[in-house]
Amino acid sequence: MKPHRIAIFASGSGSNAEEIMAYFQYHPSIEVKLLLSNNAQAQALQRAAKFKVKTFSFTKAQFRDSYEVLTWLKDERITHIVLAGFMWLVPDYLVHNYPGKIINIHPALLPKFGGKGMYGKFVHEAVKAAAELETGITIHEVNEHYDEGNIVFQATCGIEPTDSIETIGQKVQKLEHIHYPKVIEQWILKR
Ligand code: GAR
């Protein structure tokens, strides 16, 4: 068994989850053991199957009002949790069981454009509406509040007046795929 074992939480497409699973597939000391989703239809679950990563989906009640998800994590002896497009707030019991061991990626430059309801294309819409000249990604540790944990890494990209919400989203996604797996690796190994 490798010393560092990741569970990815993903709600939707899972393009970041796929990059992470590919990056760690043959890693000497880090492995992705689980992919968990609040959405039984999430494409992320199919992506996990390609990498033979075990999957579970769960309801809000299972996540909030029981320790079932925690049991799955403990059964696989998960050491780190990676949120990759996961849209629910992480409950206190998970934060307390994995203090400083949960990381998230946000598709903008926090502390701007964060908080409840700020996810996916809603973030890019808000950035465009504010006529920002740049946007980017923020990778941060997770605490009990949306988008407020310790910032680990940020990268930026410019916004042209001709950029649409879609092209802003594409620029940000490119940054996510380039950086997230490597930042996770350094975050795990350098502590
Ligand atoms: C990513 O852009 C990620 O930053 C964002 O959801 C997208 C998921 O894409 N996360 C948030 O907005 C969290 N607040 P993916 O499913 O293709 O990885």
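Counting starts at 1 for both ligands and their atoms, following the listed order.
For the pair N39 (side chain) and S11 (backbone), a donor-acceptor distance under 3.5 Å is present.
The heavy atom nearest to atom 17 (O) of ligand 1, considering only G85, S15, G117, A84, is found in S15. Heavy-atom proximity to atom 1 (C) of ligand 1, evaluated over M87, H124, Q173, E176, is greatest for E176.
Y23 is linked by a side-chain hydrogen bond (donor to acceptor under 3.5 Å, both in side chains) to E185, counting only residues two or more places apart in sequence or in another chain.
Proximity of G14 to ligand 1 is established by a heavy-atom distance of less than 4.0 Å. A heavy-atom separation below 4.0 Å is found between I105 and ligand 1.
Under a 4.5 Å side-chain heavy-atom criterion applied to ILVMFWY residues, the cluster that includes L94 comprises F9, L34, L36, F56, F58, F63, Y67, V69, L70, W72, L73, I78, I81, L83, F86, W88, V90, Y93, V95, Y98, I102, V142 as well.
Considering backbone and side-chain atoms alike, Y119 places every N or O at 3.5 Å or more from each N or O of ligand 1.
For atom 9 (O) of ligand 1, the nearest protein heavy atom (residue, atom name, distance) is N16 ND2, 4.0 Å. The nearest protein atom to atom 11 (C) of ligand 1, hydrogens excluded, is given as P107 CD, 3.6 Å; this is a heavy-atom distance. Scanning the protein for heavy atoms near atom 12 (O) of ligand 1, the closest one is G120 N, 3.0 Å.
When each of R5, K2, K54 is tested with E76 by the rule salt bridge (charged side-chain N to carboxylate O under 4.0 Å, His left out), just one qualifies, namely K54.
Atoms of ligand 1 found under 4.0 Å from any heavy atom of S13 (numbered from 1 in listed order, with element): 16 (O), 17 (O).
If you check the side chains of N143 and E148, you find no donor sitting under 3.5 Å from an acceptor. T135 and H124 share no donor-acceptor pair across their side chains, judged by distance under 3.5 Å alone.
Considering only heavy atoms from C-beta on, K116 stays 4.5 Å or farther from L89 through its side chain.
Only the backbone of M118 comes within 4.0 Å of ligand 1, counting heavy atoms alone; no side-chain atom from C-beta on gets that close.
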